[in-house]
Amino acid sequence: GVLPAAFQPDSLVSNPLKDRLGYNNPCVLFDLPPASWLGATGIAFTVYLVCMFTRLDTRRLRLDRDRLPPWFVAFTLVLHYAFALSMCMFVLVFVVPPSVSVWGHTGLFIQFIVFRWAAVATNFYEAALLQRPIPYPSRVFIALYTLVTAALPVLYAINYAMYDIERRSGEDPYLPWWLTCAVDYTWFACLALTTKMLPESPALRETFSLTDRVFELPNGRHVPLPEWRSAANAPVAKAGPMDAGTSGRQSRVACPVLAALYRHKALTPDEQGAVPWVDLARAVSTYTGCRGDVLEKILEVAFKDTSEDFKENGCQLFELHGHVNHGYSTGCRANPDAVDARLFDEIVAKYAVDVDAGLAPSPAAAEAKAEVAGEDSKKRGEKRIYLNAVHDIATYTREGSAGARGACCTVLEEKKATISFSALFEAFQRREASTGRPYLSVDDLRCLLLDGRFPEDFVPHEWGLKDILDEIAVVACGCPACCGECAPSAHADEAKQEELERLTTGRHSYSALEIQRKA
C-alpha cells in the first residue's frame, strides 16, 4: 500500500471497485501504476510456480494412475492444464484495470478463483480415493474454501449488476459491505493456508545427469543414439528373407509384418517369446525398408498405453493380442488361436478390383490397354486393392462385419490402424506398368494377413515418413482428390493437409506440423 498511498493517494479513497463493493479489495493496491508495474513483473514468477505445480502434480498423478479410476485421471489431467492456462490469463488483470472494465477485470479474477479451487479440490478427492489420511483441520479448510469460492463470485455479480441496473454513483454497494468483505478476505486467507492444508502425498524424486544422446525404448530403457539409428536405418536387403516353410505359431502374432518376419526367421524370440527392441527395429528396417522416423512413431503409438510388465524385456511377440490392435489391417488376425479368413474374404469380395478394371484409369485408355496386353498380360485375373478404397474398408470393419465386429471401434484405434495400413501399403505396394498407379495385390495381402509370410517376389525398398504422406491422407478420408488423380493439385494439397490435421490431433499421434517439417 505504500506505492498507491505515495503516488495515487486518491485511489484508496475512491475507485471503481470500492464504489461497488464498499471496501478496498487487496487487489486495489496493484491496479494503478507504478504498483501495477511491480505487480505485472512479480506475477510472472507466480505463473512459473503454477506451471511447475502442474508439471509435478501431473507426473505424480501418472505414477499413481493404476490405482485411480481412468475417468478421474483424464479429468484431473485436463483440469491441471486448464489451471495453468487460467493463471496465464489472470495476468491480463494488469491489461484490463477496473478503470477500463470492472466486469472484465473481475471476470479474470473469478475464473482464476474457480480453477484454483478445482485444482485444490481434486488433490483432496485423490487423497480420499487412495485412502490417504486427511487431518480434521484440512477437512474444515476445504469445506470453508469451497463455500467462499462459491459465494464470492455471486456477491461480486450481485453488487456489480445492481450498481449498473439502478445507475448508482459514488460509493454505494447493493449488499452490506461487511458481508462481501468478510467472504473476500476469507478467500485470501485460504489462499495463504492452502500449502499447509493440502493432504500429504508421496514425494517425487527426479535426478539429472550429463550423458551421451540416447533413444528411449518403449520399456523406458535407453540405448545410445548411434546404436538405435544403426538398427532403425539398417541397409535394406536386396530381397525378402528366405521362406522358412510352414509354421503354425506365426498365427499367434497379431501384427502381420512381425508374423512374417518370425516365420522367415528374421526375428528370434527368447523362451518367453520376447524380442529385444533393437533387434526388432533392425529386422523391420532391413526386410521392409522402413526407416527410423516411421519406426519410432509406430512404436510410440502402438505401445504407448501397454503395461510396463508387457514391454519390459522387449516385444512380446505372441502376446500382442489385446495390446496392439491394428484394427482393420489385422482384423483377420484378432483371434490368437487361429487366423480368421472371413473378414479378408469379405473385403476382397467388396472392395477388390479386377485387373482389367483397375488398369488404364487415365484418358489415354487405348494406349494403356495396349501396354497392358504386353507387360501385364501375365497378371490377367489378378485382383487389386487401391489406396482410396482403404477408407471404406476401415468404415466397414469399424461398423462391424461378420468376420470381425468392432475391429476398430474407437478414434484412437482408427488412428493406429490408419498409420499401420499406410505403412503396410507403402512397404508392399506394386505399381501398374502402364500408369504407375500404386496398389496392393490381393495375393500379396493373403500372404501377409492370412499366411504370415512375405510374397515370393517381394523386394524391399527404402521408405520413410515423407513417403507415406499420401497414404495417410487417402486412408484417412477416402477422397479421390487426395490421390491427385481426379482433382487439381491445389485441391489435392488442401485435402491432404486437412486430413493430416484431423488424423494427427490425438494424444498418441504426431502433429501435422511435424509431418510437414519432416517432409
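Given the structure is predicted, the values throughout are model-derived calculations rather than measurements.
- The two residues Tyr81 and Leu77 make their nearest non-hydrogen contact at CD1-O, 3.0 Å.
- Side-chain contact, Asn159 with Thr180: a donor N or O sits under 3.5 Å from an acceptor N or O.
- Distance check, rounded to the nearest 0.5 Å: CG of Leu152 to CD1 of Ile113 gives 4.5 Å.
- Aromatic ring pairs are classed by plane angle as parallel below 30°, tilted from 30° to 60° and perpendicular above 60°; the pair Trp187 and Phe112 is perpendicular.
- Using a 4.5 Å heavy-atom threshold, the side chains of Asn313 and Gln272 count as separate.
- Rounded to the nearest 0.5 angstrom, His80 NE2 and Leu61 CG are separated by 5.5 Å.
- When side chains are defined from C-beta on, Tyr23 counts as touching Asp184, because their heavy atoms get closer than 4.5 Å.
- Atom CD1 of residue Ile110 and atom NE2 of residue His105 lie 10.5 Å apart, to the nearest 0.5 angstrom.
- The shortest non-hydrogen separation linking Ser285 to Ala232 is CB-O, 3.3 Å.
- Between Tyr156 and Tyr160, the ring planes are parallel. Angles under 30° get that label, and only those over 60° would be called perpendicular.
- Side-chain N or O atoms of Ser86 include none that pairs as donor or acceptor with a backbone N or O of Ala82 at under 3.5 Å.
- Contact annotation: the side chain of Arg132 approaches that of Pro202 to within less than 4.5 Å [non-hydrogen atoms, C-beta and beyond].
- Listed here is the closest heavy atom pair of Phe83 and Val50: CE2-CG1, 3.6 Å.
- Among all heavy-atom pairs drawn from Leu21 and Trp177, the shortest one is O-CB, 3.4 Å.
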TODO: Could you walk me through whether Val140 and Met197 pass the side chain to side chain contact (heavy atoms under 4.5 Å, CB included) test, one step at a time?
DONE: CA-CA 9 Å; Val140 174; Met197 293 299 175; over 6 Å; no
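- In this structure, Arg282 and Thr286 approach most closely via the heavy-atom pair O-OG1, 2.7 Å.
- Remark: of the listed residues Leu295, Val236, Val294, Val257, Val257 is the sole one forming a side chain to side chain contact (heavy atoms under 4.5 Å, CB included) with Thr288.
- Here the shortest heavy-atom pairing between Trp103 and Ala161 reads CZ2-N, 3.6 Å.
- Under the side chain to side chain contact (heavy atoms under 4.5 Å, CB included) rule, Leu198 has a single partner from Ile134, Val120, Leu193, which is Val120.
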Task: side chain to side chain contact (heavy atoms under 4.5 Å, CB included) evaluation trace for Thr76 with Asn123 - done: CA-CA 9 Å; Thr76 306; Asn123 272 265; over 6 Å; no
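- One distance of note links NZ of Lys466 with CZ of Arg291; it measures 12.5 Å at 0.5 Å rounding.
- A 6.0 Å sphere centred on CZ of Phe124 holds more than 12 heavy atoms belonging to other residues, nucleotides or ligands.
- Put simply, CD on Glu296 and CG on Leu217 are 10.5 Å apart, with the number rounded to the nearest 0.5 Å.
- Side-chain atoms of Gln111 come within 3.5 Å of backbone N or O of Leu108 as a donor-acceptor pair.
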TODO: Applying side chain to side chain contact (heavy atoms under 4.5 Å, CB included), run through Leu17 and Asn24 and close with a yes or a no.
DONE: CA-CA 7 Å; Leu17 294 182; Asn24 276 322; over 6 Å; no
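- Using cut-offs of 30° and 60° for the angle between ring planes, the Phe215 and Trp228 rings count as parallel.
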